[in-house]
Amino acid sequence: MDAITFRSDTVLSDIHLLQPNTQHLMVRLNAVGQPVFVSQFKILWDSEQLDCSESPPPSYTDQPPPENTADCGLPEQEREGVDEENEEEEGEDGWRRSGSLELLLDEDGDLDVVRRPRGGDALGRDRIYPIILSKGEEAASDRDELEESDRSVIKIEHTMATPLEDVGKQVWRGAFLMADFILSHRDLFQGCTVLELGAGTGVTSIIMATVAKKVYCTDVGQDLLSMCERNVALNKHILESADGEVKVCELDWMRDDFCTDPEVEFSWTEDEVADLHDNTTVLIAADVCYDDDLTDGLFRTLYRIMSNLRHPCTLYFSIEKRLNFTLQHMDVSCEAYDHFRSCLSDLKNITDGKRIFTLEPVPLCFPQFLIYERIKQLELWKITSSHPDQMKATPAV
Ligand SMILES: C[S@@+](CC[C@H](N)C(=O)[O-])C[C@H]1O[C@@H](n2cnc3c(N)ncnc32)[C@H](O)[C@@H]1O
């Protein structure tokens with residue numbers, strides 16, 4: 001086999017790197033010539049509820065504020081007071097991320113780099129390097145143990161080490177964090193109509209459909225959406241025992257409307273658009289903020305859709321703060337995360353009289369149903385949207 005060359009913008013999700021299955025079945029090449037693998041992820045249905053009081057939820061407001069300089073493209077609003085409370089210079093995760101360079105220097109003036117602890121994996125797993133199997137090759141024991149029809153196994157087609165424009169073809173930790181939240185809060189989603197944005201391989205939508213009634217699983221690009229649809233088909237064994245349905249559709253944040261052209265694959269029917277607006281009460285988005293222009297488009301799309309929904313709705317965002325030391329800043333920074341926080345603040349501060357948005361971090365003290373590293377850089381955010389009249393009518397709980 002030719003040596004694999006990595007482009008400078010090639011990324012590989014830790015989910016695939018650290019997956020407990022040591023072997024990956026390569027099943028085909030996709031439309032752009034990338035090898036496609038099928039991985040089986042175990043669902044730990046017996047996971048136990050964690051006690052939030054034992055491990056206090058992180059206070060995200062302790063983290064340094066995003067500089068609110070960028071315009072997220074949301075309607076005009078007052079920006080005063082946004083994140084004023086966030087003045088800390090060291091996050092609860094121990095990373096010093098803002099303030100002056102002196103904060104990063106030790107007593108002698110050396111750069112004091114805070115590193116993630118080695119081997120601090122809560123699940124006690126060793127790093128595993130995948131062995132690639134081609135179809136027809138002997139599969140080894142750990143894959144054989146997982147039965148095709150086993151409800152505790154979700155099978156996902158994905159690629160590995162993609163360029164940035166294809167990141168949706170991998171599974172990201174944020175998707176598993178969202179899946180954990182769904183599985184540990186089933187009552188919140190039972191029988192709901194749900195919209196997922198930037199669904200990628202569709203793993204979170206599939207998990208959501210084990211609880212919800214209908215999931216509009218959306219992303220952009222024919223190749224990715226086809227992969228997503230195959231994943232829905234691959235997981236019939238999970239979905240059949242539930243009543244949920246996953247509908248894969250295109251929803252491009254850089255467009256102002258839903259594509260309803262019947263000639264276009266993954267376009268919406270008029271009935272689906274109406275159903276979405278009439279019945280959706282939950283939106284989810286996992287690990288979708290990594291490029292500021294796309295984040296702006298995403299927030300414009302969210303604002304447009306949430307403002308047009310008939311019912312109040314709740315949006316859950318999972319995000320992983322990816323920290324980098326940049327020479328430009330001479331500091332550890334996470335611009336994509338800061339821009340996300342800035343857009344969240346803008347949404348919360350909208351005063352257009354049509355909708356009221358609230359914002360809160362969700363403590364991550366719910367159990368893990370999927371196997372991945374729940375690192376400290378993972379966060380979950382809850383945003384609610386309702387009509388001002390509905391707010392007045394609903395007593396505060
Ligand atoms: C890092 S991936 C996350 C995928 C999946 N949610 C997960 O966590 O595994 C970001 C996703 O955003 C999607 N995305 C990027 N630009 C988009 C756009 N303009 N419209 C809709 N989705 C977009 C990508 O295709 C990709 O699936």
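Keep in mind that what you see is a predicted model, and the values were worked out from it rather than measured. Numbering of ligands and ligand atoms starts at 1, following listing order. Excluded from the calculations below are hydrogen atoms, water molecules and symmetry mates; all remaining heavy atoms, backbone and side chain alike, are included.
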Nearest-contact summary for [atom] - protein heavy atom, Å:
atom	result
atom 13 (C) of ligand 1	D219 OD1, 3.4 Å
atom 1 (C) of ligand 1	D287 O, 3.1 Å
atom 15 (C) of ligand 1	Y290 OH, 3.2 Å
atom 4 (C) of ligand 1	G198 O, 3.5 Å
atom 9 (O) of ligand 1	W172 N, 3.0 Å
atom 26 (C) of ligand 1	G168 CA, 3.4 Å

- prompt: Minimum heavy-atom separation for P163 to Q34, with atom names?
  reply: CD-NE2, 3.9 Å
- line: Scanning both residues in full, the closest heavy-atom pair of E250 with Q222 reads OE1-NE2, 3.9 Å
- prompt: Hey, is K169 one of the residues with a heavy atom under 4.0 angstrom from ligand 1?
  reply: no
- prompt: With a 4.0 Å cut-off on heavy atoms, does G297 reach ligand 1?
  reply: no
- request: Ignoring hydrogens and angles, state whether a donor on the side chain of K42 or S152 is under 3.5 Å from an acceptor on the partner side chain.
  value: yes
Are [X] and [Y] near enough that their ring centres are under 6.0 Å apart?
X	Y	result
H185	Y316	no
W253	F299	no
F369	F41	no

